[in-house]
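Notes to accompany the following structure.
Every value quoted in this text rests on a predicted model; they were computed, and no experiment measured them. We name chains A, B, ... by the order of the sequence lines, and we start the count at 1 in each one.
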Amino acid sequence: MVWMKIKDAIKAEPGTRMTVKGWLRTRRDSKADGGLSFLVVSDGTCFDTLQVVARGDLPNYQEDIVRLTTGCSIEASGTLVESQGKGQNVELQADEISVLGWVDDPDSYPVQKKRQSFEYLREVAHLRPRTNTFGAVARVRHCLSMAVHRFFDERDFFYVHTPVITASDCEGAGEMFRVSTLDLLNLPLTDKGDIDFEQDFFGREARLTVSGQLSVETYCCALSRVYTFGPTFRAENSNTARHLSEFWMIEPETAFADLNDDADLAEEFLKYLIDELLTRRADDMKFFNQWIDKDKTLVQRLKGIIEAKFRRISYTEAVDVLGKAKKSFEFPVKWGVDLQSEHERYLTEEKFKQPVVVMDYPKEIKAFYMRQNDDGKTVAAMDVLVPRVGEIIGGSAREERLDVLDARLDELGLPKEDYWWYRDLRKYGTVPHAGFGLGFERMIQFCTSMANIRDVIPFPRAPRQADF
RNA sequence: UCCCCAGUAGCUCAAUCGGCAGAGCGGGUGGCUGUUAACCACUAGGUUCGCGGUUCAAGUCCGUGCUGGGGAGCCA
């Protein structure tokens with residue numbers, strides 16, 4: 001008999017003979033017809049479950065079936081039939097059911113069919129994918145990952161694997177985690193009394209990357225269109241629903257492109273991802289719309305985002321809009337200071353009610369590598385802001401003029417020798433180029449309305465949280 | 001890291017002024033029914049987050065630590 005995934009089984013013709021395998025969600029018994037049990041089985045291949053009907057005349061009915069509890073794994077063979085009950089179109093009329101794995105202590109099995117809090121389920125991260133919500137998140141995460149690669153592949157971008165361990169201390173995007181094999185209880189010291197990193201594994205200080213951007217720029221300046229998609233690490237003591245210590249980032253980099261090209265790509269990219277998600281994971285998205293999104297308008301909003309052109313405004317215009325807003329802000333707005341969360345939320349949630357691209361920020365509040373505009377005051381940087389999540393993309397045109405880059409490094413007191421290979425790109429056949437970083441988990445949050453970023457990654461890492 | 005709130009049974013929560021620790025779900029047992037978060041009865045299940053303090057008496061008040069939530073900063 002053919003083993004079918006439940007995603008296929010529920011669409012098969014009644015009369016089809018099949019075997020299914022999965023985990024029990026619930027068991028309901030009935031005394032009708034001499035006794036029978038309804039087993040709701042999930043194998044995770046889709047949102048829906050399959051109802052398996054176990055009749056009382058199964059040889060192991062009394063011994064096994066009536067002892068089944070939530071979480072047991074089973075294999076069932078039989079015939080797919082139209083369901084006599086409401087709630088499902090088809091069900092499997094089983095003529096053989098074997099228990100693959102019992103739940104040792106049903107009393108304390110952590111995942112119950114009752115609604116459980118996400119905070120609690122985070123403590124049982126090894127079992128939470130068996131729930132509706134976390135199963136759906138996992139499938140959405142996969143779907144978006146595949147769509148990322150499809151999008152770039154279709155547009156002749158090459159996938160570049162940038163390093164996770166880096167010895168360069170110049171990525172400049174935040175606090176970094178140290179990578180070392182030195183014995184913490186017996187650190188080797190130099191004559192001056194400093195830690196002697198020459199004796200460390202890499203012969204120098206090494207850290208986990210905070211961004212693949214600088215690395216991927218090198219391949220951009222050879223292959224024209226590239227992207228990286230991998231884990232990044234921030235040792236910031238951030239305790240919010242939008243930050244992780246380990247998160248995944250997608251960073252495309254395009255040669256012969258300026259900031260407008262960059263914004264075009266970002267917009268096309270986000271719309272593509274949403275479209276793919278709505279098309280391929282309609283089952284899970286229906287669930288998020290109905291049970292996770294507060295207003296039950298998630299799918300409708302996402303469709304609207306695909307339709308409408310993103311609003312693009314300059315930082316200067318944004319400050320102007322905020323200054324004229326009737327709303328009073330906790331932090332006053334003035335040209336030269338970075339936009340606060342409340343400002344970003346106002347722009348994207350209240351003023352424009354759609355994704356907003358803010359461009360051309362004051363150079364003082366942005367990174368050294370961003371390209372200076374002709375006004376001498378701003379750089380060609382952009383942030384893409386979306387409702388409920390805030391900043392989802394940060395990008396810029398990169399400073400390709402060596403003299404301007406060097407002047408900026410000097411201004412910031414950054415040693416040029418640390419950036420030698422980055423500066424080489426500007427010495428040898430420099431070209432205008434631009435790129436951005438999309439926080440993958442924030443994208444999943446945006447697409448699912450999941451409130452906490454720790455619930456859209458399988459095993460979240462955050463300050464004081466590295467279980468599993 | 002800062003401000004605010006919370007932590008009680010396996011889970012979700014209640015407990016009035018500081019005065020005997022409670023319910024639903026889940027588990028077990030029995031009953032009923034082509035069931036749908038099934039239903040009915042009985043039953044087991046507690047270091048009230050940890051440490052210290054006030055009090056005749058602390059789940060409740062005070063201090064402190066830890067964990068979680070909301071907001072802020074850092075950012076994606």
Syn versus anti for B:rC62, judged by chi lying within 90° of 0? anti

Between [M] and [N] - [atom1] atom distance, rounded Å:
{"N": "B:rC4", "M": "B:rG73", "atom1": "C1'", "value": "16 Å"}
{"N": "B:rU54", "M": "B:rC2", "atom1": "P", "value": "29 Å"}
{"N": "B:rG10", "M": "B:rG45", "atom1": "C1'", "value": "9 Å"}
{"N": "B:rC51", "M": "B:rU60", "atom1": "P", "value": "13 Å"}
{"N": "B:rU67", "M": "B:rG27", "atom1": "C1'", "value": "27 Å"}
{"N": "B:rA14", "M": "B:rU64", "atom1": "C1'", "value": "28 Å"}
{"N": "B:rC25", "M": "B:rG19", "atom1": "P", "value": "29 Å"}
{"N": "B:rG69", "M": "B:rG28", "atom1": "C1'", "value": "35 Å"}

Angle between ring planes, [X] versus [Y], binned at 30° and 60°: parallel, tilted or perpendicular?
{"X": "A:F269", "Y": "A:F152", "result": "tilted"}
{"X": "A:Y227", "Y": "A:F157", "result": "perpendicular"}
{"X": "A:Y315", "Y": "A:Y361", "result": "tilted"}

With respect to the side chain of [X], which nucleotide from [options] is positioned closest?
{"X": "A:T240", "options": "B:rG10, B:rC75, B:rC74", "result": "B:rC74"}
{"X": "A:S83", "options": "B:rU33, B:rG34, B:rA76", "result": "B:rG34"}
{"X": "A:Q88", "options": "B:rG70, B:rU36, B:rC25", "result": "B:rU36"}
{"X": "A:N239", "options": "B:rG34, B:rA72, B:rC74", "result": "B:rA72"}
{"X": "A:Q112", "options": "B:rU35, B:rA76, B:rG26", "result": "B:rG26"}
{"X": "A:P106", "options": "B:rU1, B:rC25, B:rG27", "result": "B:rG27"}

To the nearest Å, give me how far apart [atom1] ([X]) and [atom2] ([N]) are.
{"X": "A:L68", "N": "B:rG26", "atom1": "CG", "atom2": "P", "result": "16 Å"}
{"X": "A:R25", "N": "B:rU36", "atom1": "CZ", "atom2": "P", "result": "18 Å"}
{"X": "A:D338", "N": "B:rC74", "atom1": "CG", "atom2": "P", "result": "7 Å"}
{"X": "A:Y109", "N": "B:rG10", "atom1": "OH", "atom2": "C1'", "result": "13 Å"}
{"X": "A:Y120", "N": "B:rC49", "atom1": "OH", "atom2": "P", "result": "17 Å"}
{"X": "A:R67", "N": "B:rG27", "atom1": "CZ", "atom2": "P", "result": "14 Å"}
{"X": "A:E342", "N": "B:rC75", "atom1": "CD", "atom2": "P", "result": "16 Å"}
{"X": "A:E344", "N": "B:rG71", "atom1": "CD", "atom2": "C1'", "result": "15 Å"}

Which nucleotide, in any strand shown, forms a Watson-Crick or G-U wobble pair with [N], with both distances under 3.5 Å?
{"N": "B:rC39", "value": "B:rG31"}
{"N": "B:rG52", "value": "B:rC62"}
{"N": "B:rG24", "value": "B:rC11"}
{"N": "B:rA44", "value": "none"}
{"N": "B:rU1", "value": "B:rA72"}

Which part of the nucleic acid, if any, lies within reach of [X] when heavy atoms closer than 4.0 Å are counted: base, sugar-phosphate only, or nothing?
{"X": "A:Q116", "value": "sugar-phosphate"}
{"X": "A:R242", "value": "base"}
{"X": "A:E91", "value": "base"}
{"X": "A:Q93", "value": "base"}
{"X": "A:T70", "value": "nothing"}
{"X": "A:G85", "value": "base"}
{"X": "A:I393", "value": "sugar-phosphate"}
{"X": "A:E330", "value": "nothing"}
{"X": "A:D29", "value": "base"}
{"X": "A:F247", "value": "base"}

For a quick test of reading the model: is some side-chain N or O of [X] closer than 4.0 Å to OP1 or OP2 of [N]?
{"X": "A:N452", "N": "B:rG69", "answer": "yes"}
{"X": "A:S238", "N": "B:rG73", "answer": "no"}
{"X": "A:Q340", "N": "B:rG73", "answer": "yes"}
{"X": "A:S117", "N": "B:rU12", "answer": "yes"}
{"X": "A:R122", "N": "B:rG68", "answer": "no"}
{"X": "A:S30", "N": "B:rG34", "answer": "yes"}

Less than 4.0 Å between a side-chain N and a carboxylate O, is that true for A:E205 and A:R178? yes

SB check A:R141 A:E441 (cutoff 4.0 Å): yes

Starting at the 5' end of RNA chain B and moving along, which residue's nearest nucleotide shows up first, A:A451 or A:L339? A:A451

Both A:G87 and A:S108 contact RNA chain B. Which one's nearest nucleotide lies toward the 5' end? A:S108

Report yes or no: is there a donor-acceptor pair, N or O only, under 3.5 Å between the side chain of [X] and the base of [N]?
{"X": "A:Q51", "N": "B:rU35", "value": "yes"}
{"X": "A:R442", "N": "B:rC75", "value": "yes"}
{"X": "A:E119", "N": "B:rG68", "value": "no"}

For A:E123, enumerate each residue passing the salt bridge (charged side-chain N to carboxylate O under 4.0 Å, His left out) test, keeping only those at least two apart in sequence or located in another chain. none

Any donor-acceptor pair under 3.5 Å linking the side-chain atoms of A:S211 with those of A:E251? yes

For A:F158, enumerate each residue passing the side-chain contact (heavy atoms from CB on, under 4.5 Å) test, keeping only those at least two apart in sequence or located in another chain. A:L223, A:V226

Distance under 6.0 Å and angle within 45° of ring axis: A:K286 vs A:W291: no

Pick one: which of A:D360, A:D264, A:D383 meets salt bridge (Lys or Arg N to Asp or Glu O under 4.0 Å) with A:R312? A:D264

